[in-house]
Amino acid sequence: MEALKASGAFDELMGQIDRGEIELDGKDGFIQHLIRAGLERGLKTELTEHLGYEKHEYAGREVANSRNGTYPKTVSTSAGDVALAVPRDRAGTFVPRLVPKGSRHTGQLADMIVSLYAGGMTVRDIEHHLATTIGTELSRETISKITDEILDEVLAWQNRPLDPIYPIMYLDAIVVKVRDGAHVKNKSAHIAVGVDMEGIKHVLGIWIAQAEGAKFWAQVCSELANRGVQDVLIVCCDGLTGFPEAIEATWPYATVQTCVVHLIRSSMRFVSYTDRKKVAAELRLIYTAPNEEAAQTALKEFTNGPWGTKYPAAVKTWESAWERFTPFLAFPPALRKVIYTTNAIESLNFQLRKVTKNRGHFPNDTAAVKLLWLAICNIEDKRARERTKILNGTRATGGRLLEGAKTTGWNQALQYLMLTYPERLEAHLN
């Protein structure tokens, strides 16, 4: 670049652009000409390597194969459609790598399409966007095929080996609309997030089913175990009936913690809107109690008080979930903050819903998993940049999600877990 400026050619080019003699972008603009020249030069170099001699070289007379002119080909790029003159050989053995045979688009354009799709744009939206911004006319079938090219990556990600132990795992599901025959049905996309020993969260997989249920969650846990998860210390989930038993069938020593926030919401369903703040303040005494005995006392006081008398259904909700709520009370404050809610996965689900809401429905389960996976990669990439600032330039990769660096709270929680479960941790980490 410095040499170009020193020669004066750069200033002359900029002057022509400023005077309007050269169009920088758009159809037949300077950028398109530059892309065409670069691609055609690269193709000619590939043909030279294939034949083994330069054009017009005497050595070419002794070789059976030779150049045989060019043929036209229009390629869609990130700057618009570019008409190329692709060189060929007489024997027909030349296979270009820069612009492969049968390919009508460049890798940069494919990356752009996948990025737009991951951001929540539909195939129809992408078709219109490319036509109006860069003048590239691509059919919806072509765009769909480009996005389908990542299905092998999705399959590899879904079946990748996992760590032998996760101190904490969050399990939850979101609803997506999928076409099933002649009808569009609500299906559940089951998502598992595991926290590793560094405090980094990983999305472990996505599974689509007709509805969220304990039986299907048992299959999910079994698959995670088959992929290498031998033990989980604490599993956070909602109050779905049979959910704890489904988890314990795979990891019998795991502590299943019902989400306290879900529990509060369930009990508040029976409370009048005008009374909710006062009732919430009373319930707070239960889940902030220092131990189980104090929490039991607070629940009794609530039950016998005016709010418990007025809303007995709220009391019954706490009593029914008491066995799965009480493990939370044995943990120190640092660990309570980590496991009292499934917000760690709820925040992920919130961003996934922003992506899926633009679609009326998905044509099949595979399309739903594809978009969710792309959205997760997009979210991971955004938050990896945030982690980069914390980790002094070290970029996290490999499916890591959400906060990356060890926080003080996580260090305290991890220290407690190591002291509480030393044998289980050492068995899998050594």
Side-chain angles (χ1 to χ4, degrees), residues 166-175 188-195 199 201 203 212-214 217 232-244 246-247 254-273 275-292 294-296 298-299 302-303 307-308 311 313-354 379 401-403 407 409-410 412-413 416:
Y166 288 93
I168 300 174
M169 184 181 292
Y170 302 92
L171 302 177
D172 200 6
I174 63 172
V175 175
S188 296
H190 299 67
I191 300 175
V193 173
V195 185
K201 301 179 181 71
V203 177
E212 184 181 10
W217 273 119
V232 181
L233 300 185
I234 303 172
V235 181
C236 301
C237 59
D238 58 25
L240 183 68
T241 303
F243 206 163
I247 296 169
T255 299
V256 181
Q257 176 61 54
T258 295
C259 173
V260 177
V261 173
H262 276 81
L263 183 56
I264 295 170
R265 289 174 183 168
S266 297
S267 59
M268 296 291 280
R269 284 204 307 265
F270 309 102
V271 178
S272 171
Y273 184 79
D275 295 334
R276 286 191 175 185
K277 287 187 178 181
K278 297 177 180 179
V279 173
E282 292 292 326
L283 293 177
R284 180 179 174 82
L285 299 176
I286 301 174
Y287 60 85
T288 58
N291 51 54
E292 184 177 351
Q296 187 70 56
L299 179 60
F302 178 82
T303 303
W307 300 121
Y311 301 110
V315 175
K316 187 177 179 180
T317 300
W318 281 86
E319 291 176 344
S320 301
W322 192 255
E323 183 181 351
R324 297 299 178 182
F325 160 72
T326 50
F328 167 82
L329 301 172
F331 298 127
L335 188 54
R336 285 190 182 190
K337 290 181 180 179
V338 177
I339 66 170
Y340 89 102
T341 176
T342 55
N343 275 358
I345 195 171
E346 290 287 355
S347 62
L348 168 66
N349 291 346
F350 172 75
Q351 297 198 52
L352 294 180
R353 290 188 185 98
K354 289 196 299 184
I379 296 168
L401 187 70
L402 310 182
E403 298 83 7
T407 62
W410 173 252
Q412 294 175 354
Y416 173 83

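This one's a predicted model, so the numbers in the text were calculated from it and none came from an experiment.
- Using the six-membered ring where Trp is involved, Tyr311 and Trp307 have ring planes that are parallel, under 30° apart on the 30 and 60° scheme.
- In this structure, CD1 on Ile286 lies 7.0 Å from CZ on Phe325, to the nearest 0.5 angstrom.
- By the neighbour-count criterion of 12 heavy atoms within 6.0 Å, atom CZ of Arg284 is sparsely surrounded, having that number or fewer from other residues, nucleotides or ligands.
- Atoms CG and CD, on Leu329 and Gln257 in that order, are 8.0 Å from each other to the nearest 0.5 Å.
- Across all their heavy atoms, Ala295 and Ala289 have their closest contact at N-CB, 3.4 Å.
- Atom CD1 of Ile247 sits about 5.0 Å away from atom CG of Leu171, to the nearest 0.5 Å.
- Annotation: the span from His262 atom NE2 to Leu240 atom CG amounts to 10.0 Å, rounded to 0.5 Å.
- Contact between Ser267 and Ala314 at its shortest, heavy atoms only, is O-CB, 3.5 Å.
- Rounded to the nearest 0.5 angstrom, Leu299 CG and Leu283 CG are separated by 9.0 Å.
- Contact annotation: the side chain of Pro327 never approaches that of Arg324 to less than 4.5 Å [non-hydrogen atoms, C-beta and beyond].
- Here the CD-CD1 distance, from Glu212 to Ile174, works out to 11.0 Å after rounding to the nearest 0.5 Å.
- Counting heavy atoms from C-beta on, the side chains of Tyr287 and Arg336 never come closer than 4.5 Å.
- Side chain of Ser320 to main chain of Thr317: no donor-acceptor pair is present (N/O by atom type, distance under 3.5 Å, no hydrogens or angles).
- In terms of heavy-atom proximity, Phe270 sits nearest to Ala313 at CG-CB, 3.6 Å.
- Ring pair Trp217/Phe243 is parallel by interplanar angle, where below 30° counts as parallel and above 60° as perpendicular.
- Heavy atoms from other residues, nucleotides or ligands lying under 6.0 Å from CD of Glu319 number more than 12.
- Taking the side chain as every heavy atom from C-beta outward, Val195 and Tyr170 approach each other to under 4.5 Å.
- Among all heavy-atom pairs drawn from Arg276 and Met268, the shortest one is O-CE, 3.2 Å.
- In this structure the side chain of Lys201 never reaches within 4.5 angstrom of the side chain of Tyr166, judged on heavy atoms.
- Across Ala214 and Ala246, no two heavy atoms sit closer than the pair O-CB, 3.4 Å.
- Here the options are Val193, Ile168, Thr258, the test is side chain to side chain contact (heavy atoms under 4.5 Å, CB included), and the partner is Cys236; only Ile168 passes.
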